[in-house]
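Worksheet for the structure shown next.
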Amino acid sequence: MPTATTDNLQNSREKQVTTGATVWLTGLPSAGKTTIAYELAGRLREEGHRVEVLDGDEIREFLSSGLGFSRADRFTNVQRIGFLAELLARNGVKALVPVIAPYADSRAAVRERHSTGGTPYIEVHVATPVEVCSVRDVKGLYAKQAAGEISGLTGVDDPYEQPESPDLRIESHTQTVQESAAALHALLTERGLA
């Protein structure tokens, strides 16, 4: 005879959603990518989804610490993150990836990896203007670049190739974090992923 504990365990298993997908949020530094990803992650977890946020700074520290910021190193970093995201996604996890990924070819290679494996992939452009990002300056990068302390800042003195046709474009400077996350959640729902 089932006990209350086993009934609860069974119910929680039934509520857990196991369709995986990668949601890549690309945009300039301080565009709001990570904030939106964590807001969406909380909402998806409440609905029973398994979710991981693959934060670009953490990946750099733990998986790509030997890489610099040359075009080749950035490409390698994006491919490593793309591999990890696809691995998680094909195992039923929503992999939310708030990573700049400044070059279109590296993003295209990640999309192709997902397509080849039949893994759902959504590209989101968090299209916050550089002027707004530099005011937000969450990590102080724009101030350091302006002071000459660093160079190679994406969108300022290093290229950022905006996605031409992302699955969703979010203008985070014109809406709240909750509204941005809701727009992304609506797209996931429309595609049968939430």
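Given the structure is predicted, the values throughout are model-derived calculations rather than measurements.
- Remark: H114 pairs with Y121 by the ring-ring contact (aromatic ring centres under 6.0 Å, His included) rule, at least two apart or across chains.
- Judged as a salt bridge (charged side-chain N to carboxylate O under 4.0 Å, His left out), and not counting sequence neighbours, the contacts of D57 are K139.
- V124 is connected to L193 through a chain of hydrophobic side-chain contacts under 4.5 Å among Ile, Leu, Val, Met, Phe, Trp and Tyr, so both are in one cluster.
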Exercise for the section: Before giving the answer on side chain to side chain contact (heavy atoms under 4.5 Å, CB included), spell out for I170 and Q175 the whole-Å C-alpha distance, their side-chain angles and the decisive distance to 0.1 Å. Expected result: CA-CA 9 Å; I170 292 175; Q175 58 191 27; 3.5 Å; yes
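- Counting Ile, Leu, Val, Met, Phe, Trp and Tyr side chains that sit under 4.5 Å apart, directly or through other members, V135 stands alone, with no cluster partners.
- When all heavy atoms of T154 and P29 are compared, the closest pair comes out as O-CD, 3.6 Å.
- Of the candidates R74, R71, R111, D105 forms a salt bridge (Lys or Arg N to Asp or Glu O under 4.0 Å) with just one, namely R71.
- Of the inter-residue distances, the one linking L188 atom CG with T19 atom OG1 reads 11.0 Å to the nearest 0.5 angstrom.
- Scored by the side chain to side chain donor-acceptor pair (under 3.5 Å) test, E112 finds T116 as partners (sequence neighbours excluded).
- Listed by chain and residue number, nothing satisfies the ring-ring contact (aromatic ring centres under 6.0 Å, His included) test with Y142 (two or more places apart in sequence, or in another chain).
- V51 and R45 get closest at one heavy-atom pair: O-NH2, 2.9 Å.
- With sequence neighbours left out, R60 forms a side chain to side chain donor-acceptor pair (under 3.5 Å) with no residue at all.
- The two residues G27 and H125 make their nearest non-hydrogen contact at CA-CD2, 4.4 Å.
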Exercise for the section: Evaluate side chain to side chain donor-acceptor pair (under 3.5 Å) for S172 paired with S180, printing each intermediate quantity in order. Expected result: CA-CA 6 Å; S172 71; S180 296; 5.6 Å; no
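- For T119, the side chain to side chain donor-acceptor pair (under 3.5 Å) criterion is met by E86, not counting sequence neighbours.
- In this structure, the separation between OG1 on T22 and CG on L88 is 7.5 Å, given to the nearest 0.5 Å.
- With sequence neighbours left out, the side chain to side chain contact (heavy atoms under 4.5 Å, CB included) criterion links S64 to I59, L67, N77, R80.
- Residues S106 and Q79 share a closest heavy-atom pair of O-NE2, 3.0 Å.
- V110 and V97 fall within a single hydrophobic cluster, where Ile, Leu, Val, Met, Phe, Trp and Tyr side chains are chained together by heavy-atom contacts under 4.5 Å.
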Exercise for the section: Dump the intermediate steps for side chain to side chain contact (heavy atoms under 4.5 Å, CB included) on V130 and V156, then the final yes or no. Expected result: CA-CA 8 Å; V130 68; V156 178; 4.0 Å; yes
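- The salt bridge (charged side-chain N to carboxylate O under 4.0 Å, His left out) check on R107 picks up E123, with sequence neighbours excluded.
- Connection of L84 to V23 is not established within any shared hydrophobic cluster, with ILVMFWY side chains joined at heavy-atom distances below 4.5 Å, either directly or through further cluster members.
- Within 6.0 Å of the CD atom in E164, the count of heavy atoms belonging to other residues, nucleotides or ligands does not exceed 12.
- Annotation: ring pair (Phe, Tyr, Trp, His ring centres under 6.0 Å) contacts involving residues 55-108, sequence neighbours excluded, are absent.
- Within the 3.5 Å criterion, the main-chain N or O of A127 finds no donor-acceptor partner in the side chain of R169.
- Sorted by first and then second residue, the side-chain hydrogen bond (donor to acceptor under 3.5 Å, both in side chains) pairs with a member in residues 24-36 read T26-Y160; sequence neighbours excluded.
- At a threshold of 4.5 Å between side-chain heavy atoms, the hydrophobic network of Ile, Leu, Val, Met, Phe, Trp and Tyr places L54 and V78 in one connected group.
- Taking CD1 from I36 and OG1 from T128, the interatomic distance works out to 6.5 Å, rounded to the nearest 0.5 Å.
- Think of V132 as one node in a network of Ile, Leu, Val, Met, Phe, Trp and Tyr side chains linked at under 4.5 Å; it has no links at all.
- If you chain together hydrophobic residues whose side chains sit under 4.5 Å apart, L25 and Y38 fall into the same group.
- Contact record, A31 with R136: O-NH1, 2.7 Å, taken as the closest heavy-atom pair.
- One finds the CZ atom of R50 at 13.5 Å from the CG atom of L44 (value rounded to the nearest 0.5 Å).
- The distance from atom CG of L141 to atom CD1 of I150, rounded to the nearest 0.5 Å, is 5.0 Å.
- Scanning all heavy atoms of the two residues, the minimum distance from A37 to L96 falls at O-CD1, 3.3 Å.
- Between atom CG of residue D158 and atom CD1 of residue I100 there is a gap of 9.5 Å, rounded to the nearest 0.5 Å.
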